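Structure record follows, encoded as structure tokens.
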Amino acid sequence: PIRKSLTTTGDTSPASALAVNRFPMYAKGSEHYRRAIPFSSAAVRMAIKDGQGVIVIHGVDFNGNGRYDFAGAGRSDLDPSLPEEATAPAICGVMRVSR
């Protein structure tokens with residue numbers, strides 16, 4: 001399940017999982033994100049340490065027009081009020097502890 005939402009401002013809880021207006025969007029696949037997000041759950045910290053923490057980044061500009069819109073792929077299966085481009089999984093991977 002979602003534990004944190006990597007928004008640019010405000011809430012980072014699972015309630016913000018579809019707050020696409022607060023997620024970064026960068027053109028041409030270049031992504032730079034920096035924000036300190038505390039995890040109060042020891043279980044989450046342990047999952048990351050044990051290689052069980054996963055990050056999934058959503059958002060694919062299918063029609064290459066620089067924005068997430070309905071023309072690119074229609075409506076999202078997750079929330080029909082959003083374009084599929086905004087919620088389509090783009091990349092995912094296991095988080096690793098950096099030393």
Side-chain angles (χ1 to χ4, degrees):
I2 295 169
R3 300 288 186 207
K4 292 290 181 177
S5 299
L6 303 181
T7 56
T8 55
T9 61
D11 180 48
T12 61
S13 77
S16 289
L18 294 176
V20 298
N21 61 323
R22 292 188 291 116
F23 285 96
M25 180 181 178
Y26 297 97
K28 308 296 180 205
S30 179
E31 195 72 40
H32 300 280
Y33 179 89
R34 184 177 178 112
R35 183 174 183 192
I37 298 176
F39 285 86
S40 60
S41 167
V44 171
R45 289 192 303 272
M46 187 59 70
I48 293 170
K49 183 178 176 191
D50 291 345
Q52 302 290 320
V54 177
I55 187 166
V56 179
I57 297 176
H58 296 259
V60 180
D61 182 14
F62 289 113
N63 59 2
N65 67 358
R67 63 183 186 275
Y68 298 142
D69 58 13
F70 294 99
R75 297 187 180 284
S76 170
D77 292 337
L78 298 176
D79 181 340
S81 72
L82 297 172
E84 177 65 23
E85 288 186 329
T87 64
I91 59 174
C92 67
V94 177
M95 299 170 72
R96 303 280 183 219
V97 175
S98 177
R99 299 191 197 289

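This chain uses plain numbering: 1 for the first residue, then up along the sequence. Note that the coordinates shown come from a computational prediction; the quantities given were computed from them, not determined experimentally.
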Is the backbone of [Y] close enough, under 3.5 Å, to the side chain of [X] for a donor and an acceptor to pair up by distance?
X	Y	answer
S13	A15	yes
E84	G74	no
D50	Q52	no

Residue from I55, I57, T12 passing side chain to side chain contact (heavy atoms under 4.5 Å, CB included) with L6: I55

Verify same cluster id: I48, I37 (apolar side-chain graph, 4.5 Å): yes

Verify same cluster id: L82, L78 (apolar side-chain graph, 4.5 Å): yes

Minimal non-hydrogen separation, [X] against [Y], with atom names:
X	Y	result
I2	S5	CG2-OG, 4.2 Å
C92	V56	CB-CG2, 3.8 Å
V60	P89	CG2-O, 4.0 Å
G59	A90	O-CB, 3.5 Å
G72	F62	O-CB, 3.9 Å

Between [atom1] of [X] and [atom2] of [Y], what distance do you get to the nearest 0.5 Å?
X	Y	atom1	atom2	answer
T87	E85	OG1	CD	10.0 Å
D61	R67	CG	CZ	8.5 Å
S81	F70	OG	CZ	6.5 Å

Partner set under side chain to side chain contact (heavy atoms under 4.5 Å, CB included) for A19, not counting sequence neighbours: S16, N21, R22, F23

With P24 via side chain to side chain contact (heavy atoms under 4.5 Å, CB included) - residues at least two apart: T8, Y26, E31, Y33

Residues R35 and T9: side-chain donor-acceptor under 3.5 angstrom: no

